[in-house]
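I have a structure I would like to understand better, so I am pasting it below and will then ask my questions one at a time.
Throughout, residue positions are numbered sequentially from 1 according to the sequence presented.
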Amino acid sequence: GMLRYLITLPNMEVKNKTPLFFEPNSNSKSKAYLISGDKVKFIQNSPDGRWINIAYINSKKVPLITWIEAINVK
């Protein structure tokens with residue numbers, strides 16, 4: 001299923017406190033965030049390259065699909 005697919009995607013690491021966005025634009029910020037060292041899965045870049053669509057898989061193995069600013073990952 002979805003989780004099995006997401007696990008195969010490339011790993012990235014968050015490098016600072018990173019707000020999560022519902023869409024690849026700064027007007028869609030959510031209250032949630034990731035912190036430095038969190039591991040995420042790369043899904044795709046936005047067309048302008050400023051945003052990355054990622055999956056964060058929590059400790060209960062529940063994936064969160066969200067957008068973050070590209071500058072916040074390494």
Side-chain angles (χ1 to χ4, degrees):
M2 174 65 89
L3 185 62
R4 187 174 296 170
Y5 164 71
L6 292 172
I7 287 171
T8 69
L9 297 174
N11 286 305
M12 299 183 99
E13 187 175 314
V14 175
K15 63 185 183 189
N16 35 41
K17 184 174 171 180
T18 300
L20 307 182
F21 293 79
F22 296 111
E23 295 167 12
N25 68 66
S26 50
N27 299 324
S28 68
K29 189 173 177 180
S30 75
K31 291 187 169 67
Y33 58 88
L34 296 173
I35 59 169
S36 180
D38 279 345
K39 303 285 193 292
V40 298
K41 294 291 189 173
F42 173 84
I43 300 174
Q44 64 179 333
N45 286 304
S46 63
D48 67 6
R50 288 186 51 224
W51 302 87
I52 298 178
N53 193 204
I54 55 113
Y56 175 71
I57 301 165
N58 72 15
S59 58
K60 295 176 182 154
K61 297 285 186 249
V62 177
L64 171 66
I65 310 294
T66 187
W67 291 87
I68 62 175
E69 290 176 284
I71 57 169
N72 288 321
V73 291
K74 54 186 175 189

(request) Please name all residues satisfying side-chain hydrogen bond (donor to acceptor under 3.5 Å, both in side chains) with Asn27, sequence neighbours left out, ordered by chain then number. (result) none

(message) Once rounded to the nearest 0.5 Å, what's the spacing between atom CG of Leu20 and atom OG1 of Thr18?
(response) 8.0 Å

(message) Does anything in residues 61-74 form a side chain to side chain donor-acceptor pair (under 3.5 Å)? List the pairs, not counting sequence neighbours.
(response)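 Residue pairs passing side chain to side chain donor-acceptor pair (under 3.5 Å), neighbours aside: none found.
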
(request) Output all residues satisfying ring pair (Phe, Tyr, Trp, His ring centres under 6.0 Å) with Phe21, sequence neighbours left out; order by chain, then residue number. (result)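 Phe21 satisfies ring pair (Phe, Tyr, Trp, His ring centres under 6.0 Å) with Trp51 only.
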
(message) The criterion is side-chain hydrogen bond (donor to acceptor under 3.5 Å, both in side chains); which residues satisfy it with Ser28, sequence neighbours excluded?
(response) none

(request) Under the side-chain hydrogen bond (donor to acceptor under 3.5 Å, both in side chains) rule, collect the residues that match up with Asn25, sequence neighbours excluded. (result)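 Only Glu23 meet the side-chain hydrogen bond (donor to acceptor under 3.5 Å, both in side chains) criterion with Asn25.
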
(request) Report yes or no: does Asn45 contribute a side-chain atom to a donor-acceptor pair with the main-chain N or O of Gly49 at less than 3.5 Å? (result) no

(message) Under the salt bridge (charged side-chain N to carboxylate O under 4.0 Å, His left out) definition, can you give me all pairs with a residue in residues 26-42, not counting sequence neighbours?
(response)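 Non-adjacent pairs meeting salt bridge (charged side-chain N to carboxylate O under 4.0 Å, His left out): Glu13-Lys39.
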
(request) Output all residues satisfying side chain to side chain contact (heavy atoms under 4.5 Å, CB included) with Ala70, sequence neighbours left out; order by chain, then residue number. (result)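 For Ala70 the side chain to side chain contact (heavy atoms under 4.5 Å, CB included) partners, ignoring immediate neighbours, are Ile52.
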
(message) Side-chain heavy atoms nearer than 4.5 Å, only ILVMFWY residues, links allowed to pass through others: does that put Leu64 and Met12 together?
(response)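 In one cluster with Leu64: Met12, yes.
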
(message) Clusters formed by hydrophobic residues whose side-chain heavy atoms approach within less than 4.5 Å: which one holds Leu9, and what are its other members?
(response) Met2, Leu3, Tyr5, Leu6, Ile7, Ile43, Ile57, Ile65

(request) Not counting sequence neighbours, which residues clear side chain to side chain contact (heavy atoms under 4.5 Å, CB included) with Tyr33? List them please. (result)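 Tyr33 satisfies side chain to side chain contact (heavy atoms under 4.5 Å, CB included) with Lys17, Ile35 once adjacent residues are dropped.
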
(message) Taking the side chain as everything from C-beta on, heavy atoms only, tell me whether Ile54 gets closer than 4.5 Å to Val73.
(response) no

